[in-house]
**Q** 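For reference, the structure I am asking about is given below.
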There are 2 protein chains.
Amino acid sequence: MVTMRDVAAEAGVSAMTVSNALTGRRPVSEPTRKLVLETVERLGYQVNVTARSLRQGRTGVVGIAVPTLDSHYYSRLSHLLIQAFAESGTASVVEETHASREGEIAAFRDSRLNAYDGLVIAALGLTEREIDALSRDVPVVVLGEQELHHTVDHVSMPNVAGAEAATRLLLDRGCRDLALVGFPSLDDRDELTQPEGAAFALRARGFSRALQGTGVSARAVHAGVTQAAGAQCVQDLLATGGVPDGVFCVTDTLAFGVVRELANHGVRVPDDVLVVGFDDVEDAQFHIPSLTSVAPDLDELIARTVHLLRQRIADPGTRPHEVTVSYRLVERESTRRPGR
Amino acid sequence: MVTMRDVAAEAGVSAMTVSNALTGRRPVSEPTRKLVLETVERLGYQVNVTARSLRQGRTGVVGIAVPTLDSHYYSRLSHLLIQAFAESGTASVVEETHASREGEIAAFRDSRLNAYDGLVIAALGLTEREIDALSRDVPVVVLGEQELHHTVDHVSMPNVAGAEAATRLLLDRGCRDLALVGFPSLDDRDELTQPEGAAFALRARGFSRALQGTGVSARAVHAGVTQAAGAQCVQDLLATGGVPDGVFCVTDTLAFGVVRELANHGVRVPDDVLVVGFDDVEDAQFHIPSLTSVAPDLDELIARTVHLLRQRIADPGTRPHEVTVSYRLVERESTRRPGR
DNA sequence: CTGAAAGCGCTTACAG
DNA sequence: CTGAAAGCGCTTACAG
């Protein structure tokens, strides 16, 4: 392997000068600079980032820790974060936490070990207290859903407001027998063993708020977070009280499973039941029927996240920020009642 | 930060002994080992992986380079690879190449710089010759579609055979006016500027092979790789010769766009047109209609890839392997002609 | 079983 | 503008 020393010897300068010519950290005379760069080119030298990192105490890489990449939402989020960091000149790598406490602790540990200069984490398994403690050593932005003690930068989704708006739409369209799919109870204090618990509890709270004082009946079902889980929820609804006339799903993924399983039972959307999802993943526009969904402003989410992390890396002392991004309710076929 | 020296001083041993107690590389007497581990625990010491990597010349991390994470197929593939490497005790990080030559070169460079001990790359932008040259310095397994010179380990999809089987199904179901969606020509030698060119050309070849000697007419359309591109292809078909009676799409993603846009024009699947996709992403089962698709054996793909890379890291001298995984054709509603 | 010395390849601080 | 020395925190030889 060609090292900086080899280049220096070949060019007849010191390693320092090679380093300076390459990084531009200190000025180098133009002829020397040209000579060095030519030699670098000729020998095919490439800087050893491990050595640089050890010396500098930082790697120039930020970590992105998400529960899983096997999810339309989190894979897209990771993609957008990578893009945005790249545009601001920062390399990033993605790590899966499997939504587990252990996986999330590992992400913090990897950051602290100089592997990353900063961390964006969609934390689902850790408690607020644990995040507070772990984030002391590492510049971190927490994405998502927890209600933290304001000791760490936090960018969250419009869970309550978005869910409330979605549910209001169902009420406005005349629904009087609603179902909440994806959270086991209408009381958001009920704990959910699923790690997405906190986010989904807030969406359940929005659902319940919209119902307050309306006298509209509602049931809650939960079977997991996948499309198959959405299908299972429909079976549970059918078994326990028949078909509702409106369904709010805490994610689009669940909604796709719901619509599909309703079709398996001959129940049509929107003719017989109206359905709304949350996240507005790309597929929502392409399904048949296309899916009405709460669309959080991902551009805002990404921009704020990248900005906050860069700021915290640059100045770890700044006061933590709390951001909730805005949303739009995008109405599509799944809530357009034909002929009413 | 607590270093190994601190632990050594505190425990009254040498740094060597701390290292050995931690790694188990050399035997350490049981009392000493206990003392060291206790001290490590008490001081909260964590090994600095950057320093270890610099000294060892390797990081214990493998790179996974995919075109984008904003894709059902590649995000799922990344997820499965991460899982499989984790199960075999190997950490991995994901990098996006944006399907560009530059991005793929960067992935090789990052590997060579000691950032990764090995690389799995879904290469789309590089030529065969470039891959041959770049892979000389790095243990690498190429995923996907290129027909290489057998100088590098290569795991590929059943592109030709899968596409041929999919097209045969359409013919068996009585289709006599076919369309190929996702490749611009029926001649697989035609270059596609899209980086997925090589894979899609092979799928086009399978399509053409199935047609040979049947006298069945066929058109080819191409507008990109997204669901929106699939929709665009339908518009192009309608403008240039009307609705075909069978469509083979080179990916499921395109197929979803096709089915959706057909519905926008009042054309029903499978009543008026049969549609088949490729990849068998999870959504294929949940769309309405559910999508018939070629399902490459991803478990096999993952297992072979992980095994080949570990083998090549352990012994860079072994002869390169060429693997094409098997597939199943999964028939669903999109090709079940009602009442015929 | 244990240790003192050297060095992985850079960059920082000190000098000129 | 340029360089010699030191050191980031480990692990690899070499010794005992």
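Just so we're on the same page: letters track the sequence lines, and every chain starts at 1.
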**Q** Rounded to the nearest Å, what distance is computed from the CZ atom of residue B:Arg33 to the P atom of nucleotide C:dT2?
**A** 12 Å

**Q** I'd like to check the side chain to side chain donor-acceptor pair (under 3.5 Å) partners of B:Gln311; sequence neighbours left out, ordered by chain and number.
**A** B:His307

**Q** Please name all residues satisfying side chain to side chain donor-acceptor pair (under 3.5 Å) with B:Glu38, sequence neighbours left out, ordered by chain then number.
**A** none

**Q** Do B:Glu95 side-chain atoms and B:Val66 backbone N/O form a donor-acceptor pair below 3.5 Å?
**A** no

**Q** Can you name the side-chain contact (heavy atoms from CB on, under 4.5 Å) partners of B:Leu37, sequence neighbours left out?
**A** B:Leu22, B:Arg33

**Q** Find the distance B:Asn48:CG to D:dC8:P and express it as a whole number of Å.
**A** 11 Å

**Q** So what is the 5' to 3' dot-bracket string for DNA chain C, if pairs are Watson-Crick or G-U wobble with both distances under 3.5 Å, crossing pairs use [ ] and | means the partner sits on another strand?
**A** |||.||||||||.|||

**Q** Determine yes or no for a side-chain-to-main-chain donor-acceptor pair under 3.5 angstrom, with A:Glu104 supplying the side chain and A:Leu124 the backbone.
**A** yes

**Q** Before giving the answer on side-chain hydrogen bond (donor to acceptor under 3.5 Å, both in side chains), spell out for B:Thr90 and B:Arg310 the whole-Å C-alpha distance, their side-chain angles and the decisive distance to 0.1 Å.
**A** CA-CA 9 Å; B:Thr90 307; B:Arg310 291 172 60 81; 2.9 Å; yes

**Q** Strictly distance-based, threshold 3.5 Å: is any side-chain N or O of B:Thr17 a donor or acceptor partner for the main-chain N or O of B:Val13?
**A** no

**Q** When you measure from the side chain of B:Asn20 to the backbone N and O of B:Val28, does any donor-acceptor pair fall under 3.5 Å?
**A** no

**Q** Between A:Asp6 (CG) and C:dG9 (P), how many Å, whole number?
**A** 9 Å

**Q** Within less than 4.0 Å of OP1 or OP2 of D:dT2, is there a side-chain N or O belonging to A:Thr32?
**A** yes

**Q** So, the side chain of B:Asp153 versus the backbone of B:His321: is there a donor-acceptor pair under 3.5 Å, distance only?
**A** yes

**Q** Could you list by number each residue of residues 34-45 of chain A showing a heavy-atom separation from DNA chain C of less than 4.0 Å, or answer none if no residue does?
**A** A:Tyr45

**Q** I'd like to know if the side chain of A:Thr23 reaches the main chain of A:Ser19, judged simply by a donor and an acceptor atom lying under 3.5 Å from each other, with no hydrogens or angles considered.
**A** yes

**Q** Just N and O in the side chain of A:Thr17: are any of them under 4.0 Å from OP1 or OP2 of D:dG3?
**A** yes

**Q** Does the side chain of B:Ser29 get closer than 4.0 angstrom to OP1 or OP2 of C:dT2 through an N or O atom?
**A** yes

**Q** In whole angstroms, how far is the C1' atom of D:dC1 from the CD atom of A:Glu30?
**A** 13 Å

**Q** Can a donor-acceptor pair be found between the side chains of B:His79 and A:Thr68 at a distance below 3.5 Å?
**A** yes

**Q** Rounded to the nearest Å, what distance is computed from the CG atom of residue B:Leu54 to the C1' atom of nucleotide C:dG7?
**A** 9 Å

**Q** Once each nucleotide of nucleotides 11-16 of chain D is scored for protein heavy atoms under 4.0 Å, what B/S/- sequence comes out, 5' to 3'?
**A** BBBB--

